[in-house]
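Chain A is the first sequence line, chain B the second, and so forth, proteins listed ahead of strands; every chain is numbered from 1.
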Amino acid sequence: MQLHNLTIRAASEMLASKKISSVELTQATLQRAHEVDSKIQAYVTIADDVALEQAKQADERIAKGENITPLTGIPFSMKDAISTRGVRTTCSSKILENYVPQYNATVTDKLADAGAVLIGKTNMDEFGMGSSCENSGLFNTRNPWDLDRVPGGSSGGAAASMSAGLCNFAIGEDTGGSVRMPAGFCNVTGIKPTYGRVSRYGLIALASSFDSIGPMTRDAYDCATVLQYIAGHDPKDSTSYKIQVTNYHENINKPVKGMKLGIPKEYFVAGMEVGVESSIQEAIRTYEKLGMEVHEVSLPHTKYALPVYYLLLFAEASSNLARFDGTRFGLSVSKDAKDVVDIYLQTRHEGFGDEVKRRIMLGAYALSAGYYDAYYLKAQKVRTLLRQDFENAFNSVDVLLAPTCPTTAFKLGEKTSDPLEMYLSDIYVVATNPAGVPGLALPCGFSNNMPVGMQLIGKHLDEQTLFQVGHAYQQVTDWHKQNPGNR
Amino acid sequence: MTQYEAIIGLEIHAEMLTNSKMFCGCSAAYASAPEPNTYICPVCTGLPGAMPVVNKKAVELATLVGLALNCTINEHNTFARKNYYYPDLPKGYQISQYELPIASKGYLDIDTPSPLAPLPKGEGNDDSLRPAGEGSGMRVTIRRAHIEEDTAKLAHEKNSALVDFNRAGVPLLEIVTEPDMRTVEAALDYATKIRAILRYLGVNTGDMETGVLRFEANISVRPVGSEELRTRTEIKNLNSFRALTRASAYEIERQIKVYENGGIIVQETLGWDDVREVTVSQRGKEDAHDYRYFPEPDLPPLRLDRAWIESIRAQLPELPEAKTQRFVTQFELKEKEARFLTSEKALADYFEGVVSKSKSPAKTVHSWIAGEFMRYINDASMDVKDVPVAPESFAKLIDMITDKTIGASAGKTILTELFTNGGDPAQIVKEKNLAQVSDEGFILEVVTKILNDNPKEVEQYLAGKETILQWMMGQIARTTKGKADPNVARELLLKLLEERRK
Amino acid sequence: MTQTIDTKTVKHVAALARLGITDEEAEKFSGQFSAIIEYFNMLNEVDTDNVPPASDIANAENILREDDVQPSMNREEFFKNAPKTERGYVKVPTVLGDE
Ligand SMILES: [Mg+2]
Ligand SMILES: [Zn+2]
């Protein structure tokens, strides 16, 4: 096996047995990133100096046998929405193109404490607004499986950095499918944890009540490993759970026999790509063979998840993005500014891309006098019904299975002319975010030579079960082991 | 000519005295910051990714004020974002409370009578709620009190503005009344009482010149007898009682003039020009802000349990009104006297401190505090809490006057000495030889000498000019440096003068 | 409720959000917004008469911080990202009007 396709587990064993040092692993990763990434463009910033320094420190820890975690010395990439002190953090927006945070996100600190090695910051749809990475204000990222296709979004750079072998794990962020959807497009395992399980402090907010930071990895086992080190209460994030983090590996090898798998019927409707549907059906049969009971369940408000999600996201985002005003950080455009308002208008006009502008304006609209009840409040009410759908379903099953996207990765430019059509590609992944429940995306096949993703959706805070069920699947299938180089 | 009455509602923004800011750990003592932009962090400067965390003490103080103003404390209350752009607002929104504030529906009784019944119709406004005793005052309904964060400070320069974020995020309590007040006097009375309560509770220093307490007045007028509510205007940023009264009075007059001339009042936000003493339009209704409030997704709701609220209630000190009534009964003071003493907690405490150490009647203590003591601290622009004279010393001094050890004028001398150099009153009497002398022999000697030295004045007196007597008493006091017991001196003087008449 | 979002409305919300906008952009967004809002209006199908809004999704607990002062950040660090500063202040162009 090549270095760049190692699981965390395999790399960690090599480091522990001194077959390789973290500096060597990091150098190899950096070298590959510099070579390969000109085609993929997964990274916005490659942080050579930081990476080598962290690798050196990891090697010291390993040499002393002190303070070693499964992540010590392991190279990873970070979505460019998460603050890294001293390393440019752009949210792939022109408005933050030269912004270097003065402080670390809690997740950044936690990974540094665990000894992980930051290779660089990955491209995304600007501020997380998009499903293909084509809304990046900087450049497009390409799908390593087919350079003419998108990697998905908004954590497209993160997913591409994994499938192109440019790191051993990636940190993404999922507001409405942004980890799971690109994971599916790029044949990567990834989780959107329960809302509030991972601190959002230092994550540049898109929709505060949905944003969930989650890892992307080569398999469910690694995914559990990374989540273990980034989850937990943070006194700086008042919305983070105070409940103790479970041991995500505790049940991971337990058989799934007798457990109940729910298939939400609303997710299997016309419009799904044939190869996607057959892959999902195949995965269901695999679970049946593993002894799981399969039940059809209903999430009756699924159809409304998309408008609920987008309305609330627009509203929260329009407020969250108000701070980008050209006065304290980031881009500042003040051509002949007579008044401070001119700076606001010019900076935001030049700094934000069209999709960001659309969402900010529609958010202002949904909250404005006379429309609040019809849009924002209505969406919050239907959101309650969406949550209840999941609660009801979990009264009868342990976990739900659904596709991550109706199609495989589409071609660059295919959906950029119609924003609404782009929104529709999130149809299977958005509902979990307003409901707050966790979702684990796993590779489950190929359609027209492009990867197909499925997701397992669990109860609040029950990531443990998702890892167990996901790991069981990956013990009997090898879709997750496929990469553009070996297939 | 039509008689008009004013309809006045007040909003008060009071900074709360916490150590740290509302949503971050930066020091809230911005007024004593060494430099601009030194009490700052990612949270209070609105850096990307930073998140707020609620200051527990601010919630406690807000609850305390709510309880003092007889409000319902909402066990479930939430934060909301108020969205607008201004360079003193780093996030582009202010974290405030909107639908569910921490406190609602309370009241404060004021002494200024409401000249005009009835109160406006509305919840909590029925006349039965007025304090007992017709014409003895009125009840101002508090609509709500909510927590929010202060903005940064802006200094306007010629072609620019300078921003200092030290104040950004300091906790504020906004207290809003119903439009219950009918006169400027009532508004002033209410404002004064709210300030006193905030000071009593230790929530706010009340130093209005530093901007820790700011008023906004909503004003409309209508013909007496009418029950309509006409268009109101809002005067912002009234930073002194003087500005509050002047601006309100001006605005009432202005509106009446407009109606008298057949005009109409437009809803607008006004500012007060302190120099020209006029209200000026800042913003009309058509550019009224659309604040797009929505629940703050970064902060879970506050859930205050009953027991906790009761534990805060237990911390409520005796408030000015209750203290006044107690002073009246306990110390047999007139209501006006008691109200003066309780206007400030430090003064009331000082008074009680002196009374408790003194053998003299409370009335005497009051007259010394209201008189000489206040004169001294006013002249020295001193705060009561900074008075260097211990209540024990002051009590000793007053007692020496009561038991005639010294005279009143010696008392004044000693008080000045105590203020400037401190020390023990009895010691000062000894050192300065100020003890009052009632010894008739000594006083007789002085009186005889004065009569002998001033034959012309004696003649004038005997010719019927009785005011000369006062002059002579003054001469005695001067000669004896105030030590002669004035009663004894007066008796002897009259006696000797009568003898000379013969 | 069916409504189109005309260019006037687009310009109004752009102003609310302090986004500079050209006439052509307003024209383009107007068409897109109408389609999106039309799609959102499907929520009107849902009966929400007795449904409470879900504003707090997870951790309904009180999260309160003790009133302790923590060290502040270095001003020069803060100023590294600031476009214009002067004498310890952040400098912005003239501010007209009130908030
Ligand atoms: Mg306010
Ligand atoms: Zn701060």
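Counting heavy-atom pairs closer than 4.5 Å to chain B, the top-ranked of the candidates Glu86(C), Glu77(C), Arg87(C), Lys84(C) is Arg87(C). The residue among Cys24(B), Cys41(B), Cys26(B) with the most heavy atom pairs within less than 4.5 Å of chain C is Cys24(B).
Within the 4.5 angstrom heavy-atom criterion, no atom of Leu89(B) approaches chain C. Residue Leu299(B) does not touch chain C at all, counting heavy-atom pairs closer than 4.5 Å. Only the side chain of Pro87(B) has a heavy atom closer than 4.5 Å to any heavy atom of chain C. When heavy atoms are compared at a cutoff of 4.5 Å, Glu60(B) does not approach chain C at all. Heavy atoms closer than 4.5 Å to chain C are found nowhere in Phe294(B), neither backbone nor side chain.
A donor and an acceptor atom, one from each side chain of Asp67(C) and Ser20(B), are located under 3.5 Å apart. Side-chain contact check for Glu15(B) and Tyr30(B): at least one donor-acceptor pair (N or O, by modelled atom type) lies under 3.5 Å. In this structure, a donor-acceptor pair under 3.5 Å is absent between the side chains of Asn37(B) and Arg75(C). Side-chain atoms of Asp23(C) and Thr7(C) form no donor-acceptor pair, as typed in the model, at a separation below 3.5 Å.
The side-chain contact (heavy atoms from CB on, under 4.5 Å) with Asn83(B) is formed by just one residue from the set Arg292(B), Gln94(B), His289(B), Lys91(B); it is Arg292(B).
Atom CD of Glu99(B) sits in a sparse spot, with 12 or fewer heavy atoms from other residues, nucleotides or ligands closer than 6.0 Å.
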